[in-house]
Amino acid sequence: MNKRVVITGIGGICGLGSCVADIWAAMCEGRSAIGVLSSPCLHDITARTGCAIRDLPQHEIERKQILSMDRFSVLAVLAAREAVQQAGLTASDKNRYRLGATVGVGVCGWEAIEQDYRAMLLQGRKRTGAFTAPKVMPGAAARHVSMDLGLRGPVYGVTSACSSSNHAIASAVDQIRCGRADAMVAGGADAPLIWGVVKSWEAMRVLSPDTCRPFSANRQGAVLGEGAGMILLESYDHARARGAEILAELAGAGLSADAFDIAAQTIEGPEAAIRACLADAGLVPEEVDYLNAHGTGTKPNDQIETAAIKRAFGDHAYRMSVSSTKSMHAHCLGASGALELIACVMAIRHGIVPPTANYEQPDPDCDLDVTPNVARERKVKVTLSNSFAFAGTNAVLAIKAA
C-alpha cells in the first residue's frame, strides 16, 4: 500500500488547444478561450457563453469504433493517446493485463441522447440509434480508452459530477498501490455543451453572461466548457525499470463528503479533503507552493473555498500561490480536475504559476494571492489541486516534483 506512484505522461484537449503544449502556452499567456457559443442546437439558450473546442484534430480512430462513440469518449481517447505516447508505454501480450484505465465523467453521453430525442419527438423516427445505449453510459469513455490502447487490466468509469476526474485519478492510484496494476491511464472527459445540459444549468442561475472571473468581486457565475485530460500513472519501480522519464509524483489524495445539501457547500467538507490529502502525501501545509483552486466563479463557491483553504493552511494560505485555470478553459465538469492537474504538473516542471484570468476587483472574502491575470515565475515543488462537486463530494490531489 506504500508504493510510490509517479506520472510519466500527460495529455489534454479543450478550448485552449488540442495538446498539452498548446494548453500550457495559453495558460502561461493568461489567454481565455471563453467566448460566444455558436452551435445552432443552442437556439433558445440565454446564456450563450462557453468554451468549445473549435476543431478536433485528425485522429484516425477507426470508423467502426467512431460509430459507437459519443463526443466525450472521443475526447478521452485523444487525450489518453497523447499521455501514453509521451510516456512511451505500449501494451503487449506481456503487460496488457497489468495496464488499466479509469475515466471520470460528469454528465455522460448527452449528445447521442439529444440527437435521438430530437429525431423521435420532432422528426417522427420510431427508434433510437443502434449504439445509443453503449454510447451514453458513463463508463463508455474508459471502455473506449481501453479498446483503443489495448488495456486489459482494471478498467471502469467514475462519476461524481465536478470531482469525477480527481476521484478517477485517486482510484487509479489505489489500483497501483494495491498491486492490481503497474500502470493506469486516468483522468476525465466531458462534452456538456448540449441544449439540454446547458438549459438545466441555465435554470440554476449559476451561469455567467459574459466570462468566468474567479475570486473577483464582480464575478457573475460559472462558464461551461468541454474537454479531456488524461495522465499515465505508474508505480515508481515500474517506471524506473523501463527507463521512463518521471514528470512528477502523485503523492497523495484526500476525499470527503459534506453530507449537507445537493447544491450548497460547507466549509468543513473541503477543509477535511485538503487535510486528508496532505496527510496521505506526508506533507505539512508549509511545503505547498501552489494550489490550483476549484474556483468556479460563483459567489458562494469562491468564498467557501477561500475559507476552507485558510482553515487548512493557516497563515501559509497567504504565502502560497493560488489560481483558477477555469478562468481560461471554463468548467469542463468531469474533465476539469484532470485539466487542472496538467497545470499543476507543468507548473512544477517549468516554475511558472498560471494565472487567474479575467480578474478585475478584489473581494475581501477572497483575499488570498490568486495570481491575478499574469503568470508568475516561482519555484514550485509541491502543488495541490482542488475539486468540489454537487452534494459536497470533494477530492484533492497532491503532486510533487520528481
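Numbers for residues simply follow the sequence, beginning at 1.
- Side-chain polar atoms of Y290 and T371 form no donor-acceptor pair below 3.5 angstrom.
- Residues V370 and S323 form no side-chain contact, since every pair of their non-hydrogen atoms from C-beta on lies 4.5 Å or further apart.
- The existence of a salt bridge linking E305 and K326 is excluded, since no basic side-chain nitrogen approaches an acidic carboxylate oxygen closer than 4.0 Å.
- A salt bridge does not link K135 to D116: none of the charged nitrogens lies less than 4.0 Å from a carboxylate oxygen.
- For the residue pair D190 and C108, the shortest heavy atom distance occurs at OD1-N, 3.9 Å.
- Within a 6.0 Å radius of NZ in K381, no more than 12 heavy atoms belonging to other residues, nucleotides or ligands are found.
- In this structure, CZ in R4 is found 12.0 Å from CG in L250, a value given to the nearest 0.5 Å.
- Remark: K310 engages D367 in a salt bridge, criterion side-chain N to carboxylate O under 4.0 Å.
- Listed by chain and number, the residues in a ring pair (Phe, Tyr, Trp, His ring centres under 6.0 Å) with H294 are H331, F388 (sequence neighbours excluded).
- For S32, the side-chain hydrogen bond (donor to acceptor under 3.5 Å, both in side chains) test picks out no residue, with sequence neighbours left out.
- Within 6.0 Å of atom CH2 in W24, more than 12 heavy atoms from other residues, nucleotides or ligands are found, so the atom counts as buried in its surroundings.
- Between E82 and M230, every side-chain heavy-atom pair lies at or beyond the 4.5 Å cut-off.
- Looking at every heavy atom in both residues, I342 comes nearest to G229 through CD1-CA, 4.2 Å.
- Side chain of S208 to main chain of T211: a donor-acceptor pair is present (N/O by atom type, distance under 3.5 Å, no hydrogens or angles).
- The number of heavy atoms from other shown groups lying within 6.0 Å of CD (Q85) does not exceed 12.
- With S165 contributing its side chain and G337 its backbone, the two residues share a donor-acceptor pair below 3.5 Å.
- Distance check, rounded to the nearest 0.5 Å: CD1 of I304 to CD1 of I267 gives 6.0 Å.
- A donor-acceptor distance shorter than 3.5 angstrom exists from the side chain of N373 to the backbone of Y359, with no hydrogens or angles considered.
- No hydrogens or angles considered: nothing links the side chains of S327 and N358 as a donor-acceptor pair under 3.5 Å.
- When K299, R219, R213 are each tested for a side-chain hydrogen bond (donor to acceptor under 3.5 Å, both in side chains) with D363, only one passes: R219.
- The minimum heavy-atom distance between N166 and A338, with the atom names listed, is OD1-N, 4.4 Å.
- Two residues are said to be in side-chain contact when any heavy atoms from C-beta on lie closer than 4.5 Å; I309 and N386 meet this criterion.
- Panel note: side chain R319, backbone E286; no donor-acceptor pair is recorded below 3.5 Å.
- Of the possible donor and acceptor atoms, one in the side chain of H316 sits under 3.5 Å from a partner among the backbone N and O of P285.
- One finds the CD1 atom of I169 at 5.0 Å from the CG atom of L341 (value rounded to the nearest 0.5 Å).
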Worked check of salt bridge (charged side-chain N to carboxylate O under 4.0 Å, His left out) between D237 and K3: CA-CA 8 Å; D237 292 340; K3 288 183 180 179; over 6 Å; no
Chi angles and distances behind the side-chain contact (heavy atoms from CB on, under 4.5 Å) call for R31, M328: CA-CA 6 Å; R31 173 163 48 87; M328 295 177 277; 5.8 Å; no
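- S163 places a side-chain N or O within 3.5 Å of a backbone atom of T393 that can act as its donor or acceptor partner.
- Here the side chains of R98 and H238 are not in contact, with every heavy-atom distance at 4.5 Å or above.
- Judged by distance alone, the side chains of S256 and N394 do bring a donor and an acceptor atom under 3.5 Å apart.
- Considering only heavy atoms from C-beta on, T159 comes within 4.5 Å of S164 through its side chain.
- Atoms CG and CG, from L78 and L56 in turn, are 6.5 Å apart once rounded to the nearest 0.5 Å.
- A distance of 8.5 Å separates CZ of F390 from CG of L333, quoted to the nearest 0.5 Å.
- Although no hydrogens or angles enter the test, the distance criterion places a donor-acceptor pair under 3.5 Å between the side chain of T49 and the main chain of P209.
- Of all heavy-atom pairs between P354 and A343, the closest is CG-CB, 4.3 Å.
- Between R71 and E111 there is no salt bridge, since none of the side-chain N atoms of the basic residue sits less than 4.0 Å from a carboxylate O of the acidic one.
- Residues H329 and I23 have side chains not in contact (no heavy-atom distance under 4.5 Å, counting atoms from C-beta outward).
- Annotation: side chain of L339 is not in contact with side chain of L16 (no heavy-atom distance under 4.5 Å).
- Distance alone, capped at 3.5 Å, is enough to place a donor-acceptor pair between the E114 side chain and the G196 backbone.
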Residues L384, M320; criterion side-chain contact (heavy atoms from CB on, under 4.5 Å); working and verdict: CA-CA 11 Å; L384 254 62; M320 66 183 181; over 6 Å; no
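- Of all non-hydrogen atoms in S324 and F215, the two that sit nearest each other are CB-CE1, 4.1 Å.
- No side-chain donor-acceptor contact under 3.5 Å links E202 to the backbone of I45.
- Other residues, nucleotides and ligands contribute over 12 non-hydrogen atoms within 6.0 Å of the CZ atom of R378.
- Taking SG from C41 and CZ from R118, the interatomic distance works out to 6.0 Å, rounded to the nearest 0.5 Å.
- Within a 6.0 Å radius of CG in D44, other residues, nucleotides and ligands contribute more than 12 heavy atoms.
- Residue-environment remark: CZ (R125) exceeds the threshold of 12 foreign heavy atoms within 6.0 Å.
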side-chain contact (heavy atoms from CB on, under 4.5 Å) between F260 and Q265, worked out: CA-CA 7 Å; F260 172 67; Q265 294 174 279; over 6 Å; no
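- The minimum heavy-atom distance linking K400 with I348 is given by the pair C-CD1, 3.8 Å.
- In this structure the side chain of L278 reaches within 4.5 angstrom of the side chain of V288, judged on heavy atoms.
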Derivation of the side-chain contact (heavy atoms from CB on, under 4.5 Å) call for L233 and I7: CA-CA 5 Å; L233 297 167; I7 300 168; 3.7 Å; yes
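- Panel note: side chain S336, backbone C332; a donor-acceptor pair is recorded below 3.5 Å.
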